[in-house]
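Here is the naming used below: chain letters follow the sequence lines, and residue numbers restart at 1 for every chain.
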Amino acid sequence: GNSVTQMEGPVTLSEEAFLTINCTYTATGYPSLFWYVQYPGEGLQLLLKATKADDKGSNKGFEATYRKETTSFHLEKGSVQVSDSAVYFCALWEYNFNKFYFGSGTKLNVKP
Amino acid sequence: DVKVTQSSRYLVKRTGEKVFLECVQDMDHENMFWYRQDPGLGLRLIYFSYDVKMKEKGDIPEGYSVSREKKERFSLILESASTNQTSMYLCASSLIAGASTDTQYFGPGTRLTVL
């Protein structure tokens with residue numbers, strides 16, 4: 001079956017530090033992969049996505065590359081800001097099932 | 001921009017009450033979803049609908065029902081609320097994709113407390 005596993009949080013970093021949040025997946029077909037972000041008190045917002053192997057999604061300084069060989073979609077940012085503090089969810093969508101599979105979320109705390 | 005709205009941000013109900021959570025999207029999306037979000041468990045799919053009057057059970061449908069009478073509106077119903085249904089409820093919508101991808105758009109969430 002399909003599933004998404006992401007690193008447990010919370011992750012605490014100082015401002016301007018490098019961020020990596022690991023995400024690996026299991027899928028029966030050829031999924032699309034997503035990162036969503038949830039700021040305190042809000043719903044989820046799409047951060048970036050990639051639809052096929054070797055695609056790189058990017059937005060707001062965040063990047064993730066779809067790696068089929070390692071079934072991974074790790075989220076990275078070169079220099080985090082306090083305003084990046086949020087919960088980050090990795091997700092996959094597979095056409096045959098027409099539903100999303102979400103990871104459990106990773107909370108990021110960025111300290112000034 | 002796609003807009004998904006939910007009828008309440010915060011709701012407090014008593015055990016045994018019937019509770020309605022409403023969700024409306026304005027982009028003519030085919031699919032609509034209800035999730036609950038609990039600490040350490042991430043998002044869990046309760047029900048989804050891919051067309052008017054159609055519904056499919058998700059991973060945790062017990063204790064819930066849904067209604068989709070119009071394309072833009074998807075309601076989640078707790079027939080008899082219980083304390084273990086205290087949670088954040090998130091509605092989402094997506095356009096049916098004919099090819100290879102789809103994106104879900106989320107509402108702001110309703111934090112339900114059942115006393």
Counting heavy-atom pairs closer than 4.5 Å to chain B, which one of Leu46(A), Leu33(A), Val87(A) comes out on top? Leu46(A)
Which bit of Gln37(B) is near chain A, if near means a heavy-atom gap under 4.5 Å: side chain, backbone, both or neither? side chain
Choice from Glu56(B), Met88(B), Arg44(B), Arg9(B) maximising heavy atom contacts with chain A below 4.5 Å: Arg9(B)
With hydrophobic residues grouped by side-chain heavy-atom distances under 4.5 Å, do Leu48(A) and Leu19(A) end up in a single group? yes
Would you call Val11(A) and Asn109(A) a side-chain contact if the rule is heavy atoms closer than 4.5 Å? no
Under a 4.5 Å heavy-atom cutoff, which of Ala91(A), Gly103(A), Gly41(A) has the most pairs with chain B? Gly41(A)
Part of Gln38(A) within contact of chain B (heavy atom distance under 4.5 Å): side chain
Under 6.0 Å between the ring centres of Phe34(A) and Phe100(A)? yes
Side chain, backbone, both or neither: which part of Arg111(B) has a non-hydrogen atom closer than 4.5 Å to chain A? neither
Validation row, ring centre Phe106(B) to ring centre Phe33(B) under 6.0 Å: no
Turns out that what part of Tyr36(A) lies under 4.5 Å from chain B's heavy atoms comes down to side chain
Carboxylate-amine/guanidinium contact Lys111(A) Glu15(A), below 4.0 Å: no
Does Glu63(A) come within less than 4.0 Å of Lys77(A), counting only side-chain N to carboxylate O? no
